[in-house]
Trainee: 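Just dropping this structure here.
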Amino acid sequence: MKAKALTLSLLFFASATAIAKDLPNVPAPRELTEVGSEFAEGTITRLSVEDISIFIPFAQNAKSVLTKALADSETMPVQQQVRHLSNSMRAVVRNSGKKQYQTFMRFALNRTLLLVQELLKEADIRTPGTLENALDLQVRGINVALKFFESDLAYQRRERSGGDTVNLNYASFGAVFAASSLRSIQNVLDASAQYRLLYKTLEIFNWDVTRDRHAIEVADTIVDIFNTLSALQEVPSSDDQENILSIRRLTLLIDPVSDVERVITEAIKRAEEAVLRQQQEAQRQADRERRRQQFRFLVGQAVIDVTNPEEPRRATVHELRDEVVILRLPGSKFEAVSTNNLARTSGCLLNYCVGSSFINTQRDNYYVKVVAIAQDDTLVIEFTEGEGYRGRLGAGWTPESFAHTNGCAGDICVGDRVYVMERDFRARVIGIQDNGEMIIQGLDGDLKDLRGGFWTRDQVTKIE
């Protein structure tokens with residue numbers, strides 16, 4: 001994970017430079033950054049002694065606290081629900097402290113508390129619907145927090161596996177939080193309150209997206225929001241008609257904001273795919289180097305060319321040219337072939353060695369001989385029997401396709417005679433697979449000399 005995070009940071013160095021040059025200098029919302037602010041991100045919100053005594057004992061697991069708070073509040077009057085959820089969110093934010101892996105959870109709760117406070121400042125709490133608006137904001141904010149929650153245990157597991165680097169995707173989080181909040185804010189009936197919440201949510205969103213490494217992907221949206229907010233006052237007007245006109249301008253930005261999550265998700269996917277391609281290419285290079293060390297070819301060496309796995313060719317190395325060799329083929333033909341496509345005609349792959357005979361369980365249980373080991377850890381075989389197969393070479397075979405023509409599986413060995421109980425016939429064991437299953441050949445009647453595979457010890461009994 002650390003290496004991946006480093007690669008990602010290098011990959012987006014150029015993008016970061018472009019962002020600093022091309023995008024507006026979006027200021028941070030003062031409520032989230034000013035020293036001493038109740039909603040400064042990374043700090044805590046204020047709690048009374050009473051609040052602490054009620055909630056801190058339960059705040060060891062933020063997810064449990066939030067889930068329980070939502071459930072408990074359902075039986076309360078609306079005003080009490082709002083107060084209960086606010087206290088629960090403050091307790092979780094406080095207990096979360098500065099745990100980096102819980103950053104977005106804390107951000108979601110902290111910002112929700114800010115929006116609810118602004119709503120109750122601008123709208124009359126006695127007006128029908130105001131408390132319901134506050135409650136809706138709270139529930140949505142908690143659900144976003146739960147979406148981004150990561151437990152201590154999950155983080156510890158990730159850390160033990162080497163993934164302790166925390167990669168903060170501000171834009172993805174900001175888009176999810178803003179889209180959720182904006183849906184709620186559109187239901188606020190008080191014009192000054194709706195204006196204030198729209199302004200503040202878009203301001204926070206723009207700050208999140210601008211500091212993300214993928215900001216350039218949504219540059220148009222950032223610029224539109226910046227220009228719109230710059231042309232408006234942060235504080236609502238005393239004239240509701242003016243507020244309504246400003247609200248109309250701000251609501252035009254809701255759809256672009258809602259689309260940012262998709263755009264950023266696609267950008268992250270492309271970035272991860274680019275990193276994966278880099279890692280795969282690095283692995284391929286490492287594999288090529290490993291093969292060069294393991295498969296050293298010499299002039300005059302007999303090899304099998306597996307460029308076309310359907311038609312492997314016997315050949316002799318005539319000339320070495322770094323990663324390409326010139327092969328001498330039957331009929332005194334010469335051809336340039338990549339060393340990656342050459343199989344050596346000596347050695348072993350596990351206990352499958354060149355020159356050894358096996359039974360091919362995927363081709364009518366024909367006998368075959370291993371003639372070469374390919375560089376991708378597969379076998380090149382020659383069929384030693386079978387109409388249309390005898391003498392043919394085949395490449396790309398794995399050990400799972402073969403049965404050994406010697407050895408034992410428990411108390412039954414190749415050469416032993418067995419009685420197949422469920423089919424009522426006698427047979428001889430001619431092969432045993434790595435998983436212990438047997439290849440048998442019939443000894444009686446219509447089944448005489450016929451071969452069958454995948455028989456288990458439970459299905460047969462050994463006879464003299």
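Just so you know, these numbers come straight off a predicted model, no measurement behind them.
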Trainee: Taking only Lys NZ, Arg NE, NH1 and NH2, and the carboxylate oxygens of Asp or Glu, determine whether Glu203 and Lys200 approach each other closer than 4.0 Å.
Mentor: yes
Trainee: What pair of heavy atoms forms the shortest contact from Leu342 to Gln375, and how long is it?
Mentor: O-NE2, 3.0 Å
Trainee: Please check this pair: side chain of Asp190 against backbone of Ala123, looking for a donor-acceptor N/O pair closer than 3.5 Å.
Mentor: no
Trainee: Considering only heavy atoms from C-beta outward, does the side chain of Trp397 approach that of Val368 to under 4.5 Å?
Mentor: no
Trainee: Is there a side-chain contact between Leu66 and Phe149 in this structure, where contact means two heavy atoms from C-beta onward sitting under 4.5 Å apart?
Mentor: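 When only atoms from C-beta onward are counted, Phe149 and Leu66 do not touch, as no gap falls below 4.5 Å.
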Trainee: Check this for me: Glu310, atom CD, are more than 12 non-hydrogen atoms of other residues, nucleotides or ligands nearer than 6.0 Å?
Mentor: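 For Glu310, atom CD is not crowded (no more than 12 foreign heavy atoms under 6.0 Å).
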Trainee: For Gln186, I'd like to know if atom CD has over 12 heavy atoms of other residues, nucleotides or ligands within 6.0 Å.
Mentor: yes
Trainee: Can you check whether Asp72's main-chain N or O pairs, donor with acceptor, with Thr75's side chain at less than 3.5 Å?
Mentor: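 Indeed, once roles are kept as given, a pair shorter than 3.5 Å links the two residues.
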Trainee: For Ser237 and Asp239, which I'm curious about, is there any donor-acceptor pair between the side chains at under 3.5 Å?
Mentor: no
Trainee: Just so I know, are the side chains of Val139 and Leu85 near enough to count as touching, which here means a heavy-atom distance under 4.5 Å?
Mentor: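 Yes, their side chains come closer than 4.5 Å.
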Trainee: Between Tyr352 and Phe358, does a ring-ring contact (aromatic ring centres under 6.0 Å, His included) hold up when you go through it step by step?
Mentor: CA-CA 9 Å; Tyr352 294 80; Phe358 299 91; 4.7 Å; yes
Trainee: Are any of the side-chain nitrogens in Glu272 or Lys269 under 4.0 Å away from the carboxylate oxygens of its partner?
Mentor: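 So Glu272 does not pair with Lys269 through a salt bridge.
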Trainee: Between CZ of Phe104 and CG of Asn169, what distance do you get to the nearest 0.5 Å?
Mentor: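 Rounded to the nearest 0.5 Å, the CZ-CG separation comes to 6.5 Å.
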Trainee: Whether the side chain of Thr251 engages the backbone of Arg248 through a donor-acceptor N/O pair (distance < 3.5 Å, no angle test) should be reported.
Mentor: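 Present.
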Trainee: Under a 4.0 Å N-O cut-off, is there an ion pair linking Glu266 with Arg262?
Mentor: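 Salt bridge: yes.
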Trainee: For the residue pair Phe148 and Met105, what are the closest heavy atoms and their distance?
Mentor: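 Heavy-atom minimum between the residues: CB-N, 4.3 Å.
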Trainee: Within the 4.5 Å heavy-atom criterion, are Thr112 and Phe177 side-chain neighbours or not?
Mentor: yes
Trainee: Tell me if a side-chain donor or acceptor on Glu217 pairs with a main-chain N or O of Ile264 at a distance below 3.5 Å.
Mentor: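 Checked: no pair found.
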Trainee: For the residue pair Ala343 and Val306, what are the closest heavy atoms and their distance?
Mentor: CB-CG1, 4.4 Å
Trainee: Does Thr265 reach the main-chain N or O of Glu261 with its side chain, forming a donor-acceptor pair under 3.5 Å?
Mentor: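 At least one qualifying donor-acceptor pair exists.
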Trainee: Test your reading of the model: is there a side-chain donor-acceptor pair from Ser401 to the backbone of Asn360, 3.5 Å cut-off?
Mentor: no
Trainee: Which atoms form the tightest heavy-atom contact between Ala134 and Leu120, and what is the distance?
Mentor: CB-CD2, 4.4 Å
Trainee: Measure the OG-CG distance between Ser192 and Asp124 for me, rounded to the nearest 0.5 Å.
Mentor: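 The OG atom of Ser192 sits 10.5 Å away from the CG atom of Asp124.
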Trainee: How long is the span from the CG atom in Leu202 to the CG atom in Leu229, to the nearest 0.5 Å?
Mentor: 6.0 Å
Trainee: To the nearest 0.5 Å, what is the distance between CG (Leu119) and CD1 (Ile185)?
Mentor: 9.0 Å
Trainee: Identify the heavy atoms of Glu400 and Gln433 that sit nearest to each other, and give their distance.
Mentor: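 Smallest heavy-atom distance, with atoms named: O-NE2, 4.0 Å.
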Trainee: Atom CG of residue position Asp220 - does it have more than 12 heavy atoms of other residues, nucleotides or ligands inside 6.0 Å?
Mentor: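 Atom CG in Asp220 is not crowded, with 12 or fewer foreign heavy atoms closer than 6.0 Å.
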Trainee: Apply side-chain contact (heavy atoms from CB on, under 4.5 Å) to residues Asn143 and Leu70 and explain how you reach the verdict.
Mentor: CA-CA 10 Å; Asn143 284 328; Leu70 287 175; 3.9 Å; yes
Trainee: If you take all heavy atoms of Ala409 and Ile432, which pair is closest and at what distance?
Mentor: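 Where Ala409 meets Ile432 most closely, the heavy atoms are N-CD1, 3.5 Å.
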Trainee: Quick one: does Asp208's side chain have a donor or acceptor within less than 3.5 Å of a partner on Tyr170's backbone?
Mentor: no
Trainee: Indicate whether any N or O donor in one side chain lies under 3.5 Å from an N or O acceptor in the other, for Thr456 and Asp458.
Mentor: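 No, no side-chain donor-acceptor pair sits under 3.5 Å.
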Trainee: Within a reach of under 6.0 Å around CD of Glu132, are more than 12 heavy atoms found that belong to other residues, nucleotides or ligands?
Mentor: yes
Trainee: Run Val460 and Ile412 through side-chain contact (heavy atoms from CB on, under 4.5 Å) and show every step you take.
Mentor: CA-CA 10 Å; Val460 303; Ile412 295 184; 3.9 Å; yes
Trainee: Check ring-ring contact (aromatic ring centres under 6.0 Å, His included) between Tyr389 and all other residues, then give those that pass, not counting sequence neighbours.
Mentor: Tyr366, Phe383
Trainee: Side chain of Asn341, backbone of Asp305: donor and acceptor closer than 3.5 Å?
Mentor: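 No: the side chain of Asn341 does not pair with the backbone of Asp305.
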Trainee: Nearest 0.5 Å please: distance from the OG atom of Ser258 over to the CG atom of Leu253.
Mentor: 10.5 Å
Trainee: As an exercise, state the distance from CD1 of Ile359 to CE of Met438, rounded to the nearest 0.5 Å.
Mentor: 12.5 Å
Trainee: Salt bridge check: are Glu118 and Arg196 linked by an N-O gap of less than 4.0 Å?
Mentor: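 Yes.
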